[in-house]
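A quick write-up on the structure given underneath.
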Amino acid sequence: MKSRLKTLLVVVVALAASASSVRAESYMIDPSHTSIIFGVSHLKYSFTYGRFNKMRGSYVLDRADPAASKFQIIIDAASLDTNDDKRDVHLRGPDFFNTNQFQTISFQSTSVSLQNTDRGDVYNITGNMTMHGMTRQVTIPLRKLGEGKGPYGKYRTGFYGDQRIKRSEYGMTNMIDMIGDEVAVTISFEGIRQDTPEGSGSATTAVPTHAGPTPTGSGTNPGSDQKAGSDTNSGSAGSETS
Amino acid sequence: MISTNDFLLGALLPAVVAAVAMAAAWQLTRCATVAWLAGFVLGYLSGHWGLDARGTGLESLGAAIVEAVAKSFRPHEARDWMPCILVLMAMPEEIMLFGKRSQLAAWPMRAAASGFLGWRLLSLHKNYPTSELVQAGLNDSAWSWAQVTAAIAGIAATVLLLWRLSLAAKDQPAPVCRTLLTILVATGGAAMLALSGSLTIGQLMGVAAAALGGCGAAALLLRVGQGPEAAPAPLIAVMGGLWLLAYLFIEGGVTLTQVALLVASLAAALSALPLTKVWQIGFRSAACLVPLAIAVAMAASDFAATQSIPETKPAASPYQNWQP
């Protein structure tokens, strides 16, 4: 009797572990379909926008237990691009990002909560953001825009979020009078699911969905419609590249 | 680009503090080395902390200055190390005040301080072998340990050479000429750095120029009889440190040639060249100001080139004949 109970217990534990591993999906961020945009006031007359061109990251989505989800991204700070070479050099220098000393900007989640809204699922990602060598806690509301298979058969999920940060909180205090302290940051990315060797999980059963309306965040929102599953990937994050 | 606050905190404050500190030290000790040390070190520190206080976001000036001073004890950016480097390099000068026997200890201390300056600033660069990017295998332009060692040795040797040249000028005639030339080198260096892509580092060099100006004025009024060669270490620390910072951290901003021209200019300003005849003063001034002018002109030329809007060739624009 005891041995049967032990066997039963082992089976239950194994099944639970198996179920847990199935529902947690790992994704690699696809740099070709990832945009990190920032906007900042110039003399209070206009906003100047820029982007970071090089980044990599990954995330784990746990649909059954969203709190177990994890997000991380690392950005090459020197890859900033504001469409003005001289300004970019100045921004990389000691007056601002000082990229020869502080080479990366990173975000590592510490807690995740899921909120179902009328505009779809919003993951509130709280984590540590390190920029200019200083780490601060920020919360980014990431709205799931859509998910489904790309043209090469790999499963993707896509998110959009925006947040405002103060550069002075990261030690970037120069020219606050001219170049605004508040920086609007927008991130939109796709992740390619890293299928398990056994091919288990929902990869083969998931149905492409659309999360809802066009993103209309308050940040640097490009305002264009984004259709789920419309894949024109030419990137290099996953194995779906051409 | 330079606000009233920048001028008050980065120019007027260091000049006044330097002059007052120098006058007080001179009245107390009648020693030119002590007077120049106190004047320049306190003058520079007041300006450095004054400029840093602007960025703390604190409304109370007192709290902002306390925060700026505290920042020097927990350096974050490479430039935050300047006060520490300044004080460290001033120590051998202080040791020398204890008599000739202390000279034995002074030169090893100078060598160690010069090596520290090079190592501390190099080690914060992304190409340093232990940097985050190099460790992650993401930096193809990482320096080898041999390159780092050679660079530190080269920096230390240059600093020691400047130190030796300026110490040899002690008690030589015409200190006013050396003082004026040194102020010009600092001012020109500040303009060059500001034109090269970093107002922050340019402003710190401006602080050095203002502190020198305050000391020079006080020395002239009080008839101190010696110029900055009386205590050259803090001056060399600040100028050398800021030039190195600019070379390392302003991307494509300051070239090695410009740094070499500034070093040559400072050497000509401070060293023990004869200064008794008019032609000798003219020769020294030319040896100091010509390389300085070339370095500033190079920066100004680059700056002007980046500010000009390139003409668009009509044929290159597909919208040339576009009509709404």
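In terms of heavy-atom pairs under 4.5 angstrom with chain A, the leader among Lys71(B), Lys126(B), His125(B), Arg79(B) is Lys126(B). Ranked by non-hydrogen atom pairs under 4.5 Å with chain B, the options Asp181(A), Asp85(A), Thr104(A) are led by Thr104(A). Annotation: maximal heavy-atom pairing with chain B below 4.5 Å, among Ser168(A), Gly133(A), Gly93(A), occurs at Gly133(A).
Remark: Thr157(A) engages Tyr59(A) in a side chain to side chain donor-acceptor pair (under 3.5 Å) (not counting sequence neighbours).
Annotation for Lys54(A): atom NZ does not count as buried by contact number, only 12 or fewer foreign heavy atoms lying within 6.0 Å. Within a 6.0 Å radius of CZ in Arg87(A), more than 12 heavy atoms belonging to other residues, nucleotides or ligands are found. Residue-environment remark: OH (Tyr247(B)) stays at or below the threshold of 12 foreign heavy atoms within 6.0 Å.
Contacts between Phe96(A) and chain B at a heavy-atom distance below 4.5 Å are absent for every atom of the residue. Within the 4.5 angstrom heavy-atom criterion, no atom of Leu51(B) approaches chain A. Using a 4.5 Å cut-off between heavy atoms, Met134(A) touches chain B through backbone and side chain atoms alike. When heavy atoms are compared at a cutoff of 4.5 Å, Arg56(A) approaches chain B solely by way of its side chain, counted from C-beta outward. Contact of Asn174(A) with chain B is made through the side chain alone, with heavy-atom distances under 4.5 Å.
A distance of 6.5 Å separates OG in Ser198(B) from NE2 in His90(A), rounded to the nearest 0.5 Å. Rounding to the nearest 0.5 Å gives a distance of 16.0 Å between CZ of Phe249(B) and CZ of Arg92(A). Interatomic distance, CG of Leu121(B) versus CD of Gln101(A), reported as 9.5 Å (0.5 Å rounding).
In this model, no donor atom of one side chain and acceptor atom of the other lie less than 3.5 Å apart for Glu251(B) and Asn100(A).
Taking 4.5 Å as the limit, some side-chain heavy atom of Met175(A) sits within range of a side-chain heavy atom of Leu199(B). Contact check for Asn98(A) versus Glu77(B): side-chain heavy atoms found under the 4.5 Å cut-off. Taking 4.5 Å as the limit, every side-chain heavy atom of Pro94(A) sits out of range of all side-chain heavy atoms of Leu245(B).
In terms of modelled atom types and a separation under 3.5 Å, the side chain of His76(B) and the main chain of His132(A) share a donor-acceptor contact.
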